[in-house]
Amino acid sequence: MYPEVRLHIAGNWRTTSESMPILNPATGAEIGRHPVATRQDLDEALAAAERGFKVWRAVSVVDRSKILRKAANLLRERADTIAPIMTLEQGKILGESRAEIMIGADVIDWFAEEGRRVYGRTIPSRSDTIVQISAREPVGPVACFTPWNFPINQAVRKLAAALCTGCSVILKGPEDTPASCGELVRVFLDAGVPGDVLSYVLGVPSDISEYLIPSPVIRKISFTGSTPVGKKLAALAGLHMKRATMELGGHAPAIIFNDADIDSAVSILMSNKIRCAGQVCVSPTRLLVQDSVFDEFAGRFSKAIGDVKVGNGMEPDTKMGPLVAARRISAMEEFVENAKENGAEVMTGGRRIGNQGFFYAPTVLANVPTSAKIMNEEPFGPLVAINRFSDEDEAVSEANRLPYGLAAYAYTRSLDRINRLSAGIETGMLSINHHGLALPEVPFGGIKDSGYGSEGGSEALEAYLNIKFLTLKM
Ligand code: NAD
């Protein structure tokens, strides 16, 4: 069922002499290998991106839109084939894989339409013989770097936005989960995107980014991944004067006030915590609960998450799959040990499950001091810290304490408070009384160390466009 993984360069799918293993995180077994791109492959991809940009920008916006709509339909048609591939290599449950593919198709449809609305402006001039126009044009060949947690969704936001505006793309996909991302690339090519316009490469991530970013062919980069790597790539982009979008780590606070609907808060936060085994940049990680509802909330949340059935994502009754790789188990163990040493109480979980595959129990740590590692670094796994607060100022100040600023959540019935939180929480996205992030039509992105730029909504197009000012005398 697992396909052969290939690179796509200059219109051809190819392998290389060097390859690396791909593991099924539910078993730890090797399920395939991915090719490692050589310098020669990257040079060919760069040359293709340069040629492809000239071709693609000249295709009318209406025709580009039609090709993208076709890609969206193909992705939907292939959902049942691609979903098991994603579960095999990523570990997430089959239902999540399928949902990711379907929303990916919606993302393509949305950009197919929005790309037709890249308008310019006519600026009133100081003379009736002069016309002034602010026009927008595609930025040029783009290098995209996407991670393994959402093999399709992290890539589709970049590809659809770049392609709808007329850019060519070299995508460095996720080495842990390369096949489902490769199937996304295939969908665009099968729909009619010319071969030179979209290349797909895999290999040693730093070798590829350090070669592509400085290349004069590349005009923009877009990266999704950790804050430390993002800072390195942003620095390299700055050195070579390349535009950049950075979608980096988060450490989302969820503030539960004593007037909240506790049933709803427990259920929404729990299901969002176990999604993709917590390996989500907007996953709620610091639950801040007001004193008078702390015991009730912490008890019910721990019970609900402790009852979650963890197992192979291919099995229908599984609610949470494994972590993507063995290195993430070690990372969870380090967070939990460190929290315990700092005096935290383990309310549920706190251990690896079995020795086969990379399963870790959903874990609730309570009363965690801010000195603990988990209160400062993104856990990126099925761990939450639950702490109490007494007043709103204290909660907001804890929410804003970290350099991250991606997502934040709050549960309260007070409109006055919602008003204050909307202004007071330093975050790129704030979702109150529900979880409403990451739809194709709404902005998606962070501030502070969580990065810059938006990967959703009309805002996402700006990243792929240059402004050109034209003035002419009649
Ligand atoms: P990692 O930082 O080694 O890798 C994360 C992703 O970045 C991978 O897809 C990898 O291929 C890519 N990457 C790493 N170094 C790169 C480089 N020099 N150039 C280009 N791409 C590079 O970490 P990991 O162990 O795979 O994952 C753990 C951490 O990664 C988490 O703590 C989390 O912060 C981050 N992460 C974030 C997201 C997200 O959605 N923002 C997704 C996956 C991982």
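Counting starts at 1 for both ligands and their atoms, in listed order. Heavy-atom basis, side chains included; hydrogens, waters and symmetry copies ignored.
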With heavy-atom distances below 4.0 Å as the criterion, list the atoms of ligand 1 near [X].
| X | result |
| --- | --- |
| S206 | 17 (C), 18 (N) |
| T224 | 39 (C), 40 (O), 41 (N) |
| C281 | 39 (C), 40 (O), 41 (N) |
| E175 | 11 (O) |
| K172 | 11 (O), 21 (N) |
| Q154 | 40 (O) |

Are [X] and [Y] within salt-bridge range, i.e. N to O under 4.0 Å?
| X | Y | result |
| --- | --- | --- |
| R78 | E183 | no |
| E96 | R275 | no |
| R6 | E4 | yes |
| D207 | R39 | no |
| D176 | R328 | no |
| D109 | R76 | yes |
| E44 | R14 | yes |
| E334 | K373 | yes |

Identity and separation of the nearest protein heavy atom to [atom]:
| atom | result |
| --- | --- |
| atom 16 (C) of ligand 1 | V229 CG1, 3.4 Å |
| atom 29 (C) of ligand 1 | S226 CB, 4.1 Å |
| atom 23 (O) of ligand 1 | R327 NE, 4.8 Å |
| atom 34 (O) of ligand 1 | E378 OE1, 2.5 Å |
| atom 38 (C) of ligand 1 | F380 CZ, 3.4 Å |
| atom 12 (C) of ligand 1 | F223 CE1, 4.2 Å |
| atom 19 (N) of ligand 1 | S209 OG, 2.8 Å |
| atom 22 (C) of ligand 1 | P205 CB, 3.5 Å |

Without hydrogens or angle criteria, can the side chains of [X] and [Y] be said to hold a donor-acceptor pair below 3.5 Å?
| X | Y | answer |
| --- | --- | --- |
| S302 | T348 | no |
| N376 | R401 | yes |
| T318 | K309 | no |
| S180 | E89 | yes |

Residue-ligand contact E377/ligand 1, heavy atom below 4.0 Å: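 Outside the 4.0 Å threshold, so no.
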Any Q279 heavy atom less than 4.0 Å from ligand 1: no
Parallel, tilted or perpendicular: rings of F380 and W148 (30°, 60°):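 The rings of W148 and F380 stand perpendicular, inter-plane angle above 60°.
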Select one of side chain, backbone, both or neither to describe which atoms of [X] lie under 4.0 Å from any atom of ligand 1, heavy atoms only.
| X | result |
| --- | --- |
| T227 | neither |
| F150 | neither |
| E210 | neither |
| P174 | neither |
| K232 | neither |
| T146 | backbone |

Atom 3 (O) of ligand 1: any protein heavy atom closer than 4.0 Å: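 Neighbour list for atom 3 (O) of ligand 1 is empty of protein heavy atoms (cut-off 4.0 Å).
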Qualifying residues under side-chain contact (heavy atoms from CB on, under 4.5 Å), relative to A438, sequence neighbours excluded: R157, F444
N or O contact, W148 vs ligand 1, cut-off under 3.5 Å: yes
